[in-house]
Amino acid sequence: MWSRIELKEDSKSLFRLNYWPFVLVAFVHSFITVGSSGRSSYHSAQEILDRDWQYQRGYFNHHFYNDVSNFLLAVIGAVLAAAIGILTVSIILNIFVFFPLEVGCKRYMTIAREVKPEFQEMLFAFKNCYGNVVKIMFLRDLYIFLWSLLLVIPGIIKSYEYRMVPYLLAEYPDMDSSEAFRISREMMLGNKWEAFVLDLSFLGWDIASACTMGLVGVFYAGPYKMLTNAALYLTLKNTHPNFGYTQSDDRYYYQGGQY
C-alpha cells in the first residue's frame with residue numbers, strides 16, 4: 001500500500017531540484033484546467049416595460065413603447081448570440097488545445113522523476129497521436145458529466161476512476177480508449193478513498209492560495225500537488241497487479257539528459 005506522506009516528501013525533494021520549471025508548467029496546467037462558474041439573474045423585460053409604461057403613460061405614446069420593446073429584444077438577442085459564440089469558442093479551445101496541453105503538463109511532471117525534461121514536453125500530445133488524445137480526453141469529461149447528471153456523488157466517483165487517463169496518454173498516446181479507461185479503473189480500484197484523502201491533505205494549501213489571491217498556488221502548492229499526483233501514477237503503475245498494459249517499443253519515452 002502506498003503512503004501519501006512518502007509521496008509528498010519525495011515530491012517536495014524533487015520540487016527543490018528544479019523549482020522554476022515546475023512552477024511554470026504547473027501555472028500552465030492550472031490555467032487550462034481551472035473551471036469557472038457564475039450565476040445569472042433573469043428579469044422579465046415585459047414586466048419592466050409595463051411598469052415604465054404605467055408610470056410614463058402621460059408622456060409617451062404606444063409607438064414609443066413598441067420601439068423600446070423591439071430595442072430590448074434586439075439587445076437580448078445580441079447578448080445571447082455573443083454568449084453562445086463565446087461558449088462555442090471556449091469548448092473548441094478546451095477540446096483541441098487545452099486537453100492536449102493538460103496531457104503534456106502531466107507528462108512533464110511524470111518523466112521529471114527520471115530525467116530533466118524540456119519545456120517542449122508540454123506539446124507532446126500535439127506531436128504524438130493528437131487525434132487519439134483529444135478523443136479520449138473528450139470522452140473522459142463526457143463520461144464524468146453524464147454520471148454527474150445522476151447526482152453529484154457518481155460523478156465524483158467516476159472522476160477518481162478516470163484519474164489516471166491523462167497520465168496513461170502522456171506515456172502511451174496511442175493507447176485505445178477502452179484500454180485507457182479499463183486500466184485507469186483497475187489502477188484506482190481500492191485506491192479511490194486514499195486518493196481522496198490525498199486531495200484533502202492539500203486543503204490547507206488551497207486555503208492559503210485563496211487567501212493570497214493564488215500566489216501560494218502558483219509558486220508552491222500547484223507544482224507540489226502535480227508532482228505528488230504524478231508520483232501516485234508511477235506508484236500505482238509499478239505496484240498495482242491489474243495495470244495490465246505493456247508496450248514493447250516505448251518510442252515515446254523522453255531520452256533527454258539526467259539531473
Side-chain angles (χ1 to χ4, degrees), residues 2-34 97-130 132-134 136-137 163-175 180 183-184 187 195 198-199 201-202 205-206 209 214-240 243 245-259:
W2 54 275
S3 167
R4 70 176 182 276
I5 296 177
E6 292 180 0
L7 292 182
K8 295 175 75 172
E9 289 299 322
D10 181 59
S11 297
K12 283 191 288 188
S13 299
L14 180 60
F15 188 18
R16 287 191 289 267
L17 287 177
N18 209 22
Y19 176 81
W20 286 110
F22 287 138
V23 168
L24 177 59
V25 174
F27 175 76
V28 173
H29 182 268
S30 65
F31 176 78
I32 63 178
T33 57
V34 66
V97 179
F98 294 165
F99 280 165
L101 275 176
E102 179 184 349
V103 171
C105 290
K106 285 180 166 58
R107 175 179 173 82
Y108 186 99
M109 295 296 187
T110 301
I111 66 177
R113 297 186 173 277
E114 299 294 334
V115 298
K116 186 175 182 178
E118 299 177 0
F119 288 125
Q120 66 182 8
E121 292 298 325
M122 290 190 289
L123 303 178
F124 170 80
F126 291 98
K127 303 175 183 178
N128 297 280
C129 305
Y130 171 78
N132 190 58
V133 171
V134 167
I136 295 177
M137 291 293 287
R163 187 181 184 125
M164 297 302 159
V165 168
Y167 293 97
L168 291 167
L169 293 175
E171 192 169 4
Y172 310 105
D174 56 350
M175 180 178 284
I183 294 171
S184 181
M187 291 177 73
L198 176 64
D199 289 340
S201 70
F202 288 101
W205 288 111
D206 293 336
S209 180
L215 292 178
V216 170
V218 170
F219 292 106
Y220 190 83
Y224 177 27
K225 187 184 298 186
M226 285 192 69
L227 285 168
T228 303
N229 285 323
L232 174 60
Y233 163 73
L234 292 173
T235 299
L236 294 181
K237 175 190 172 184
N238 294 329
T239 62
H240 203 279
F243 180 74
Y245 186 84
T246 58
Q247 182 171 305
S248 57
D249 180 19
D250 193 3
R251 56 194 173 91
Y252 299 107
Y253 189 77
Y254 182 78
Q255 299 295 333
Q258 301 289 332
Y259 279 115

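This one's a predicted model, so the numbers in the text were calculated from it and none came from an experiment.
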Neighbour count above 12 (heavy atom, 6.0 Å) for F27 CZ | no

Quick one: closest heavy-atom pair of [X] and [Y], and the distance?
{"X": "A112", "Y": "P117", "result": "CA-CD, 3.9 Å"}
{"X": "A180", "Y": "M175", "result": "CA-SD, 3.5 Å"}
{"X": "M164", "Y": "S184", "result": "N-OG, 3.2 Å"}
{"X": "V133", "Y": "N128", "result": "CG2-O, 4.1 Å"}
{"X": "W2", "Y": "T235", "result": "CB-CG2, 3.7 Å"}
{"X": "N132", "Y": "D174", "result": "ND2-C, 3.7 Å"}

Is the side chain of [X] donor-acceptor paired with the backbone N or O of [Y] at a distance under 3.5 Å, no angle test?
{"X": "S209", "Y": "W205", "value": "no"}
{"X": "S11", "Y": "L227", "value": "yes"}
{"X": "Y19", "Y": "F219", "value": "yes"}
{"X": "D10", "Y": "E6", "value": "no"}
{"X": "R4", "Y": "D199", "value": "no"}

If you measure from [atom1] on [X] to [atom2] on [Y], what distance do you get to the nearest 0.5 Å?
{"X": "I136", "Y": "L169", "atom1": "CD1", "atom2": "CG", "value": "4.5 Å"}
{"X": "K12", "Y": "R16", "atom1": "NZ", "atom2": "CZ", "value": "7.0 Å"}
{"X": "M187", "Y": "T239", "atom1": "CE", "atom2": "OG1", "value": "8.0 Å"}

Check whether any side-chain heavy atom of [X] lies under 4.5 Å from a side-chain heavy atom of [Y], and answer yes or no.
{"X": "L215", "Y": "Y220", "value": "no"}
{"X": "L17", "Y": "K116", "value": "no"}
{"X": "L234", "Y": "Y167", "value": "no"}
{"X": "L198", "Y": "K8", "value": "yes"}
{"X": "Y233", "Y": "E171", "value": "yes"}
{"X": "E121", "Y": "V25", "value": "no"}
{"X": "I32", "Y": "F99", "value": "no"}
{"X": "H29", "Y": "M109", "value": "no"}

